[in-house]
Structures are given as C-alpha cells and as structure tokens.
2 protein chains.
Amino acid sequence: MFTVKQLSKLAGVTPRTLHHYDEIGLLKPSRVGDNGYRYYGEDAVLCLQQILFYRELDIPLNDIKKIMGRRDYDVMGALQSHKESLNKQAVRINRLIQTVENTIEHLKGTKTMSDEKLFEGFSEEEQEKYALEAEQRYDPETVRESNRKWKAYSAAKKKAILVESSTIYKDMIAAMPKGAKSAEVQAIVERWRAHMDYFWTPSLEQLLELAKGYNDDPKFKANFDKMHPQLAAFMRDAVKVYVESKK
Amino acid sequence: MFTVKQLSKLAGVTPRTLHHYDEIGLLKPSRVGDNGYRYYGEDAVLCLQQILFYRELDIPLNDIKKIMGRRDYDVMGALQSHKESLNKQAVRINRLIQTVENTIEHLKGTKTMSDEKLFEGFSEEEQEKYALEAEQRYDPETVRESNRKWKAYSAAKKKAILVESSTIYKDMIAAMPKGAKSAEVQAIVERWRAHMDYFWTPSLEQLLELAKGYNDDPKFKANFDKMHPQLAAFMRDAVKVYVESKK
DNA sequence: CCTTGACATTAACGTTACGTCAGGGTTTAT
DNA sequence: ATAAACCCTGACGTAACGTTAATGTCAAGG
C-alpha cells in the first residue's frame, strides 16, 4: 500500500494529479483510511501506468476513462481516430512552420534572394522542357495536371512557393547531420510532402519515385547539387524511411 | 465604422471574440457610443487582421499583444523562437503517431515476427556485446555460464528457443489487459521462468532483477519495445507480483 | 405610437488538467 | 512535547473563447 506521495514518486507525477484522478473518478485509491488518507495497492499502480501511457499520447482523460472503464470498449477504434487527429495536427503544424518561415523571410526583406536567382533553375521555358521529359519518366496526365496547376498561380504566389521550397531544402541540408531517420529530418520530409500539394498530391509510392527522380534525372540532380552535393541522395534516403514508416 | 457583428463577419470571427479582445486590451474599438456600442474603424480592421494572422500561427494572445504593442519589440526573435517550439511539437507529434501505430499493430496481433526480425536484435555478435555489458550489470560468472550454455545449443535448437520466447512474449502481450495479477499472466510468468532454464536457473530475487533489467538496460528495452511499448514495464510488474506470491 | 425582430450590452459559468496556495488535521521522529 | 513532514479539503488561476441569461437599443412596418 502506498500513500499519495509514495505513489506519485513511483510514477513521476504530483500528488495533486492523484487527487485529481480521484476526483474525476479515473483512479480511485484501493482503500481510504479512517483519517481520510488515500492508500493505493499494486493494481492501482498498474492502472496508473496504463493511464499515463495513454496520457502521453495526448488522449484526453475523459477518453482514457472510457477506454479503461468498460472492457468491451472499442480501444482499437479509439486509437485509430486518435491517430487521425494526430495526423491532422501534424499536417497543420507543418503548414504553420512554413508560414512562420515565410514570414521571417519576408521580414528579412532586404536579404531575400533576388528573383533571378530564385527562378534561375525554373524559367518558364526550362519548365516546359522538364515537363516533356517528366512526362516520359512519370505519368503523363499527372505531369500535365501539375503543370496546369503551376501556371494558374500568380507571379507572387509562384515566388512564394519557390521561396518555400528553398526554405525546405535549406532546412533539410541543415538537418542532414542528424541522419535520415532522425525525427527532425522526418518532420522536414512531412513539410516537403505538404509542399508538393502545390503541384499535385502524390501517393506514398509516387513520393518515393519523385525523390528517386531527383537523383536519376540529370536536370533535377544539377539543381540539387547547386544547393548541396549530397542533398539529392539524402532526400531519397529520407523519403524512403518516411514512406516505409507510413505504410 | 463597423459594429461588432459587421466586423465579425468581415473578419470571420464571432462577436464574442471581439468582446474578448476588448476585455484583455488586445483590440479596443475605435469609438464607443453613448449607448455603449462598440464601433470599429479602418485601422482597427487592419489591426484585427494582423492579430488573426498571428493567432493562426498558434501564438498566444498575450504574446501577440506584446508583438503588436511596442513597435520596438523583437518580432523576428519572437517568430524564431515560436518556430522552434513548433518544430518541437512536430517532432513530438510524429513520435506519438509512431507509438499509436505500434500499439494498434500489436492490438491487431497481426504482427507475426519473421525469423529475421526475431534474430534481429540477437545476432551472435550482438549477443557478445550484450554479454559484456550484462557482466557488469549482473553477476559475471552467471553471465558467462549462461553464454556457455547458449553457445552449446545447435542452430536449430537456438531457433526453437527463440521462437518459444517470442511465443511467450506474444502471449504475455495478449494477456496484458487482464492485469499483472491475473491468473493468466501469472501462468505465463511461470512459463517464462521455466524458459529461462535454457540459460540458467535464477533465484526469485534474480528473476526480479532480470525483469527490472529489461527496463533499465536500453538495449534490452529497445528489443522489448519492438514487440510492445509497455511490455518491459508490464513484465517487471508481473514478475514482481509473481515473486512476492512465491516467497 | 407601438410592436417586433435583429442587434447590442454586461455578467458569469463551462471547458482541460492540473498548479498553487490556504487553513487545518495526522503521523513520525526527536 | 514539539516540530517536521505528510495528509486532507476547498477554491482560485490558467487560455481563449462558447454559451446561456437577463436586459437594453435600433430600424421598420402597421
């Protein structure tokens, strides 16, 4: 039997947390003394550990109560939908990061890449040529669709998109030392994936194909090499890790 | 001049939000009529738009007030540090998604470990390294003895032993919902104890030490985590119950 | 002029998961 | 016996509004 303090140390929470869990009926003490003291037994310890596990997943206490309360509760379903919400959050946060970065870039203002440099590797004509080649390398319809989408953007929007992509690659280069499997790099891959939405929405397989293409297509490769000689290869590896972790 | 409703529609917020911003001094109406009505002018509209921009980045209203309050405030710095925090969140969420997915997989039970995966964490060389570390963690003579015994087995026998252990752990995972004190789990602990005989015959105290080691030794912990994120912790608890029931 | 409906106001509680006192008993050790 | 250390039960504070509730104001039509 443990007192609040003892159990709290054991589990790494504060006594207040235990009080709270008692209050909301999430974890009742095994026994309550005549003096009103709470006493917790082995089973309570295990139960608490379960609770803390779910809590770490950002599952609200109310849901945890449901999950652990009835034994016929659909735990799988709860986890599935929770995963959905986590995914949405991930996508959202990645967008936010992009926006913040764009804003920072914008504030820097003076130090912005000149338009020429930015468009250097992506002039309209070159874009056309790329497109033709890409049609043979990838699915023609997809490429055409992607091109249509790109052309529909305003000049300002185009620039913003290019700035965004350059930011992503810059961050990727900075994160390369962490390794392709690192959480940082994987987070950047997420951003990259979200960024692709400006052109089209690739499946996981296509995402990998695309990253491979960065290495195999000499034109693309050249543009990546300008930024960092290992970037293209690193991207391919990082995306591979990403894709495998998702399926 | 706009009234609350007009401005709220214009900006896509509720009147309550404007009330709130007035309350906390984030956005005061340009003028207040004798009837107490709030009236907002052009400048207020622009200001609100700025506020909503920052708000979308998940920046707390209090910080927004600071950012917009003094014109000498370090906006860049604020954005930079905010980006850091967003990055941390992104990393964290990705970890959570991983954990949830692992948990779902294990609940499905579909995760039939292939032989490779089974041996993955227990190749001959790695075994050696574990042994060295274990010697410092546990009793050296015991570890050496256990190693001798292991090496004496034929390859087929080794594989059979590993399969058996994986069966035990799989059963254990399946029985986790029953609780560490349940008869099912305690029966599995018995099987686990018997299984240990292939290596050595631990005393009750040593059995407990071993189970604890599964949690404290990062190498071991990693292998258990592969099977189920809570398995190591659960084993420790279950063995504790077992040992206490025996003495 | 009066009614009606749309709009305005302030006040105050609800939400989440506890942190942080405050005031007052209990246990343990000296 | 007395102090340290621990226990308890309130109860307010947090962030950013949502949501009634009770009530006052304005413009338009009968």
Side-chain angles (χ1 to χ4, degrees), chain A residues 1-41 44 47-48 50-68 78 82 85-86 89 92 96, chain B residues 1-41 44 47-48 50-68 78 82 85-86 89 92 96:
Chain A
M1 286 295 185
F2 306 97
T3 68
V4 273
K5 185 94 186 273
Q6 290 166 341
L7 179 54
S8 72
K9 266 195 295 190
L10 205 77
V13 300
T14 68
R16 176 68 176 102
T17 301
L18 296 176
H19 286 164
H20 185 61
Y21 291 171
D22 186 6
E23 266 175 33
I24 66 174
L26 180 55
L27 179 66
K28 298 260 178 212
S30 312
R31 200 171 61 76
V32 180
D34 297 339
N35 47 17
Y37 284 24
R38 296 171 176 82
Y39 296 103
Y40 296 88
C47 192
L48 178 56
Q50 274 282 327
I51 292 171
L52 295 182
F53 170 73
Y54 287 127
R55 192 187 64 167
E56 273 188 24
L57 300 180
D58 278 351
I59 296 177
L61 297 186
N62 219 317
D63 292 8
I64 298 180
K65 205 159 80 172
K66 286 184 215 153
I67 291 177
M68 301 190 48
H82 183 60
S85 104
L86 284 177
Q89 280 184 57
R92 172 152 190 280
L96 295 191
Chain B
M1 284 297 185
F2 306 97
T3 68
V4 272
K5 186 91 186 275
Q6 290 167 341
L7 179 55
S8 73
K9 265 195 294 190
L10 204 77
V13 300
T14 69
R16 175 68 176 104
T17 301
L18 296 177
H19 287 166
H20 185 60
Y21 291 171
D22 187 7
E23 266 175 35
I24 65 173
L26 179 56
L27 180 65
K28 297 264 179 209
S30 311
R31 201 171 60 76
V32 180
D34 295 342
N35 48 18
Y37 282 26
R38 295 171 177 81
Y39 296 103
Y40 296 88
C47 192
L48 177 56
Q50 273 286 324
I51 291 171
L52 295 182
F53 170 74
Y54 287 127
R55 191 187 64 165
E56 273 188 26
L57 301 180
D58 278 352
I59 296 178
L61 297 187
N62 221 317
D63 293 7
I64 297 181
K65 206 159 77 174
K66 286 184 215 154
I67 291 178
M68 301 191 48
H82 183 61
S85 104
L86 283 176
Q89 280 184 58
R92 173 153 188 278
L96 294 190

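Naming convention: chains lettered A, B, ... in sequence-line order (proteins, then strands); numbering from 1 in each chain.
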**Prompt:** Counting distance only, does the side-chain N/O of Lys65(B) pair as donor-acceptor with the main-chain N or O of Ile24(B) below 3.5 Å?
**Reply:** yes

**Asked** Does a nitrogen or oxygen in the side chain of Arg38(A) sit under 4.0 Å from OP1 or OP2 of dC7(D)?
**Response** no

**Message:** Can you confirm whether Leu48(A) sits close enough to Leu52(A) that some side-chain heavy atom of one is under 4.5 Å from a side-chain heavy atom of the other?
**Reply:** yes

**Request:** Taking the side chain as every heavy atom from C-beta outward, state whether Pro29(A) and Tyr39(A) have any pair of such atoms under 4.5 Å apart.
**Result:** no

**Request:** Using a cut-off of strictly less than 4.0 Å between a heavy atom of the residue and any atom of DNA chain C, enumerate the qualifying residues of residues 50-66 of chain A by number.
**Result:** Arg55(A), Pro60(A), Leu61(A)

**Residue-level proximity of residues 6-28 of chain B to DNA chain C when a heavy atom falls under 4.0 Å** = Arg16(B), His19(B)

**Qualifying salt bridge (charged side-chain N to carboxylate O under 4.0 Å, His left out) pairs with a residue from residues 2-11 of chain A, counting only residues at least two apart or across chains** = none

**Complete:** chain A vs DNA chain C, heavy-atom contacts under 4.0 Å, first-to-last nucleotide span, 5' to 3', is dA17(C) to dT27(C)

**Message:** Would you compute the distance between atom CG of Leu27(B) and atom CG of Leu61(B) and round it to the nearest 0.5 angstrom?
**Reply:** 11.5 Å

**Complete:** Output for pair (Ile59(A) CD1, Leu96(B) CG), nearest 0.5 Å, gives 9.5 Å

**Item:** Audit row: Met68(B), Tyr54(B), side chain to side chain contact (heavy atoms under 4.5 Å, CB included) steps and yes/no
**Value:** CA-CA 10 Å; Met68(B) 301 191 48; Tyr54(B) 287 127; 4.2 Å; yes

**Message:** Test of understanding: with side chain to side chain donor-acceptor pair (under 3.5 Å), list the residues that count as partners of Asp63(A), not counting sequence neighbours.
**Reply:** none

**Prompt:** Excluding sequence neighbours, so at least two apart, what forms side chain to side chain donor-acceptor pair (under 3.5 Å) with Asn62(B)?
**Reply:** none

Pairing residues for [X] by the side-chain contact (heavy atoms from CB on, under 4.5 Å) criterion, not counting sequence neighbours:
| X | answer |
| --- | --- |
| Thr17(A) | Val13(A), Thr14(A), Tyr21(A), Arg55(A) |
| Leu10(A) | Phe2(A), Leu7(A), Val45(A) |
| Glu56(A) | none |
| His19(B) | Val4(B), Arg16(B), Arg38(B) |

**Asked** To 10°, what angle do the rotation axes through the five end pairs on each side of the helix from dC1(C)-dG30(D) to dT30(C)-dA1(D) form?
**Response** 30°

Where do N or O atoms of nucleotides 22-24 of chain D meet protein N or O atoms at under 3.5 Å, pair by pair?
residue, atom, partner, partner atom, Å
dG24(D), N2, Tyr37(B), OH, 3.2

**Request:** Determine the minimum heavy-atom distance between Gly41(A) and Ser30(A), stating which atoms define it.
**Result:** N-OG, 2.8 Å

**Request:** Determine, step by step, whether Thr3(B) and Tyr37(B) satisfy the side chain to side chain contact (heavy atoms under 4.5 Å, CB included) criterion, reporting the C-alpha distance in whole Å, the side-chain angles of both residues, the deciding distance to 0.1 Å, and the verdict.
**Result:** CA-CA 8 Å; Thr3(B) 68; Tyr37(B) 282 26; 5.7 Å; no

